[in-house]
Amino acid sequence: MCGIVGYVGPRDATPIIYDGLKRLEYRGYDSAGIAVIEDGEIKIRRDAGKLNRLGELLFNDPINGHIGIGHTRWATHGEPSARNAHPHVGESGRVVIVHNGIVENFLALRDELTAEGASFSSDTDTEIIVLLVERYMAMGHDLTEAARRAISNLDGAHGIVLLSIDEPDKIVAARVGNAGGVVLGIGEDEKFIASDIPAILEHTRKMAFLEAEQMAVVTASGFNAMTLEGDEVSLEIMNVPWDPVSAEKGEYKHFMLKEIFEQVRSTTDTIAGRVDFKEGQINLHQLNLTPELVQRIDKIIITACGTAAHAGMVGRHLIERIARIPVQVEIASEFRYQDPLVDENTVVLAISQSGETADTLAAMKEGRDRGATVWSIVNAIGSQAMRIADGYIGMQTGPEIGVASTKAFTAPLIDLYMLAILLGDMRGTLDKKRRMELVRDLRRIPDLVGQCLDRADDVEKVAWELKESEHCLYLGRGINMPIAYEGALKIKEISYIHAEAYPAGEMKHGPIALIDEDMPVIAIAPKDPWYEKMLSQIEQTKARGGNVIAVATDGDELMQEIADHMLWVPETPWLLSPVTTIIPLQLLAYHTGVLRGADVDQPRNLAKSVTVE
């Protein structure tokens, strides 16, 4: 969601912060701003719209200082406008804030402050916080203590960063609940703060991460971390291995296209170091599995949102088929309100690209509170979902910048496949021969993904068939039913075409009424155990004048005879087929979005890391 960048050190803060905000554009935003302390005053430049508008302000009216904070805002309170853009300064002009999250008791606090005589210069809930900080500073407290007291008044989850001209060498940062990351970057006599790693990776790979209910006082020479109650804590400093160049588009027109094509590398990387192909063994040591734990698991609940939830649906097939453990897939935003049946023999497995998705973190907490073992599959190193889990699997895809997830969908499919093999092996549901076969199939995946990507030009031709459509229907069965859901989500996100996805067997129970010559039907129909059933559904579609785009296995002459357009995929072991069948659907969404003139990297109303409920 919103992006935060801060700097304190000997260099000019403004270009460092601005460049950091550029690297966080993928989160989605509608306004941006920067504040620095210059000659004992807080100087602010901010505006609605894209960062280039802020850049023009800074060019025409520069601000310079050795300490500053910046923000890209995604509106929650108040329309996108210059007056509502962050940073926000208090009435005294002595304190300035940037903030991620929602002040849930905003109205009550606003009424309270109004009664005390406070006046407001914006429509935001963020301004409440800076006014509270000023209230406590007026009582004689320093910035750190004033921030702590102000935070104690807030309901909701927040990431907060503050500066004051009274203490011009200090940044105070706090993380309240699961409002998104607060990353501290450690440089030589300079420090950085960000809501996500890519913003500061150019300057340092040494980073520490605030946990929920922690805050830090940061100066150029160091930082002190503490709980919100004031108890000192020690933060682990991690060396983050990502290369800053990987966050650049390079030869590709869009990040989304780059990340689709990175899937040969990302599928390789998520396997790397975890598979012994000679012995047919899987090693996921960061899950902290023990024989006793594995034997007592009687249920796994996969919880996630959006694309990650669709990966979880595939994971259900994999784990139940291979490890013979019952699996439920629960949407994270619903899970914690369901009074779920969870106990010490349950595993709650969360999937999240960012590792900071508020609903998913809340679902993990719900599982832990009920006694479950909590695992996570995450991409972002050092993220909350990784840190609070009992064990985790890293996707190892590198940063994903495009808002619509691509490589962070295929990576957890492989992670779940490896998990299923490991659990099946440890529980005795796999014999050595079958385990060796499954592991051997895994080796083929990067090459099969590459073969799918080799057909990108053919997919672009099919995209012209969808360019003028306003509605379409996606159908799949079995392990590829979730691919129908994910394909429909992608076309909605990227091209703004309304799409519905259904289990193909449900078509005759309602959706068949929609089918005519103006309703494209995208059928995921590789040669898997449900192939014959999919043929029947496609025949029914054609009988009603439907225009069929089929995702099908190379050489399928029967499918080619009945479908109108083909999206070919190489023959793939069926348990791994979702990794290949999704590739042409990602490309189809991308090319259709481009043809329709959409901003495929930053679709309207969407954000990369959803850190509010």
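Just the heavy atoms: all of them, side chains too, but no hydrogens, waters or symmetry mates, feed the values below.
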Nearest heavy atoms of [X] and [Y], plus distance in Å:
X      : Y      : result
Gln396 : Asn379 : N-OD1, 3.9 Å
Gly315 : Ile302 : C-CD1, 4.3 Å
Gln384 : Ala212 : NE2-CB, 3.6 Å
Val378 : Ala385 : CG1-CB, 3.6 Å
His88  : Val130 : O-CG2, 4.1 Å

Report yes or no: do [X] and [Y] form a side-chain donor-acceptor pair below 3.5 Å?
X      : Y      : value
Ser405 : Glu400 : yes
Thr406 : Gln586 : no
Thr360 : Ser352 : no

> Which of parallel (below 30°), tilted (30 to 60°) and perpendicular (above 60°) describes Tyr7 and Phe192?
Replying inline: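 The rings of Tyr7 and Phe192 sit tilted, inter-plane angle from 30° to 60°.
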>> Quick one: does any side-chain atom of Lys407 pair with a main-chain N or O of Thr397 as donor and acceptor, under 3.5 Å?
In response: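 Pair found, side chain donor or acceptor close to backbone of Thr397.
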> Hey, does the side chain of Arg336 reach the backbone of Ala362 with a donor-acceptor pair shorter than 3.5 angstrom?
Replying inline: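 No, because the side chain of Arg336 does not come within donor-acceptor range (under 3.5 Å) of the backbone of Ala362.
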> Are any of the side-chain nitrogens in Glu493 or Lys490 under 4.0 Å away from the carboxylate oxygens of its partner?
Replying inline: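 Salt bridge between Glu493 and Lys490, a charged N being under 4.0 Å from a carboxylate O: yes.
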